[in-house]
Amino acid sequence: QVQVAESGGGLVQPGGSLTLSCAASGGVFRIFPMGWYRQAPGKQRELVASITRNLKSNYTDSVKDRFTISRANAENMAWLQMNNLKPEDTGVYYCNRYLPYKNGPGWDYWGQGTQVTVSQ
């Protein structure tokens, strides 16, 4: 089973920036589209951004032009650069495979996630 580990979250003021990292356990990472997901308090988990192996990316409207997803296939790594953070960005962020037909995660396994808190 593929395993992932997210890191890089923290407490930041509105307007600040964070970069989240995702490390995957296997080379299969290289061939799958990947996504970043988040779950805010009291809300369902949602897709934030996705990226294909060939670096085609998409974003949910609420983060478009503020967040950038990237990946390094050979290193089994993905990142989410978050700029101009807003309080509504607060939540636990996860990485997972992205299934275009589902517009959602492809693995049942979820890592521990990384907490992002945006507050004054």
Trainee: Apply side chain to side chain contact (heavy atoms under 4.5 Å, CB included) to Ala5 and list each qualifying residue two or more places apart in sequence or on a separate chain.
Mentor: Gln112
Trainee: Mind checking what makes side chain to side chain contact (heavy atoms under 4.5 Å, CB included) contact with Ser21, not counting sequence neighbours?
Mentor: Ser7, Met77, Trp79
Trainee: Measure the CE-OG1 distance between Met34 and Thr52 for me, rounded to the nearest 0.5 Å.
Mentor: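 It comes to 12.0 Å.
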Trainee: What residues form a side-chain hydrogen bond (donor to acceptor under 3.5 Å, both in side chains) with Thr60, not counting sequence neighbours?
Mentor: none
Trainee: I need the minimum non-hydrogen distance between Ile51 and Leu55, along with the two atoms involved.
Mentor: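 Of all heavy-atom pairs spanning Ile51 and Leu55, the closest is CG1-CA, 3.7 Å.
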Trainee: About how many Å separate CG of Asn83 and OG1 of Thr19, when rounded to the nearest 0.5 Å?
Mentor: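 Those atoms lie 7.5 Å apart.
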Trainee: In the hydrophobic clustering (ILVMFWY, side-chain contacts below 4.5 Å, transitive), which residues join Tyr37, or is it alone?
Mentor: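 Listed partners: Leu47, Val92, Tyr94, Tyr98, Trp110.
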Trainee: Can you pull the disulfide (SG to SG under 2.5 Å) pairs that have at least one residue in residues 57-103, sequence neighbours excluded?
Mentor: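 As it turns out, the disulfide (SG to SG under 2.5 Å) pairs with a partner in residues 57-103, which skip direct neighbours, are Cys22-Cys95.
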Trainee: So, do Met82 and Asp89 sit near enough that their side-chain heavy atoms are less than 4.5 Å apart?
Mentor: no
Trainee: Counting distance only, does the side-chain N/O of Asn96 pair as donor-acceptor with the main-chain N or O of Tyr109 below 3.5 Å?
Mentor: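 Such a contact is found between Asn96 side chain and Tyr109 backbone.
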Trainee: Considering non-hydrogen atoms only, spot the tightest contact between Pro14 and Gln120 and give its length.
Mentor: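 Heavy atoms of Pro14 and Gln120 come nearest at CG-NE2, 3.6 Å.
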Trainee: To the nearest 0.5 Å, how far apart are CG in Leu80 and OH in Tyr93?
Mentor: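 Nearest 0.5 Å value for the CG-OH distance: 7.0 Å.
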Trainee: Any pair with a residue in residues 46-72 that passes ring-ring contact (aromatic ring centres under 6.0 Å, His included), sequence neighbours left out, goes on the list, sorted by first then second residue, please.
Mentor: none
Trainee: Excluding sequence neighbours, so at least two apart, what forms side-chain hydrogen bond (donor to acceptor under 3.5 Å, both in side chains) with Ser70?
Mentor: none
Trainee: Does anything in residues 45-75 form a disulfide (SG to SG under 2.5 Å)? List the pairs, not counting sequence neighbours.
Mentor: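 Those involving residues 45-75 do not exist here.
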Trainee: Ignoring hydrogens, what is the shortest heavy-atom contact between Leu11 and Ser119? Give both atom names and the distance.
Mentor: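 Distance-wise, the nearest heavy atoms are CD1-OG, 3.3 Å.
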Trainee: What distance do Gln115 atom CD and Glu6 atom CD have between them, rounded to the nearest 0.5 Å?
Mentor: 12.0 Å
Trainee: According to the salt bridge (Lys or Arg N to Asp or Glu O under 4.0 Å) rule, which pairs have a member within residues 40-64, sequence neighbours left out?
Mentor: Arg38-Glu46
Trainee: Please go through Tyr101's hydrophobic cluster and name the other residues, only I, L, V, M, F, W, Y counting, with side-chain heavy atoms under 4.5 Å joining them.
Mentor: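 For the cluster that includes Tyr101, the remaining residues are Leu99.
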Trainee: Could you list the residues that satisfy side chain to side chain contact (heavy atoms under 4.5 Å, CB included) with Val12, not counting sequence neighbours?
Mentor: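 With sequence neighbours excluded, Val12 shows a side chain to side chain contact (heavy atoms under 4.5 Å, CB included) to Leu18, Leu85, Val118, given in chain and number order.
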Trainee: So, for Ile69 and Ser57, which heavy atoms are closest and what is the spacing to 0.1 Å?
Mentor: CG2-CB, 3.6 Å
Trainee: Is a side-chain donor or acceptor of Arg97 paired with a backbone partner of Phe32 at a separation under 3.5 angstrom?
Mentor: no
Trainee: Could I get the full list of side chain to side chain contact (heavy atoms under 4.5 Å, CB included) partners for Asn84, not counting sequence neighbours?
Mentor: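 Listed in chain order: Arg66.
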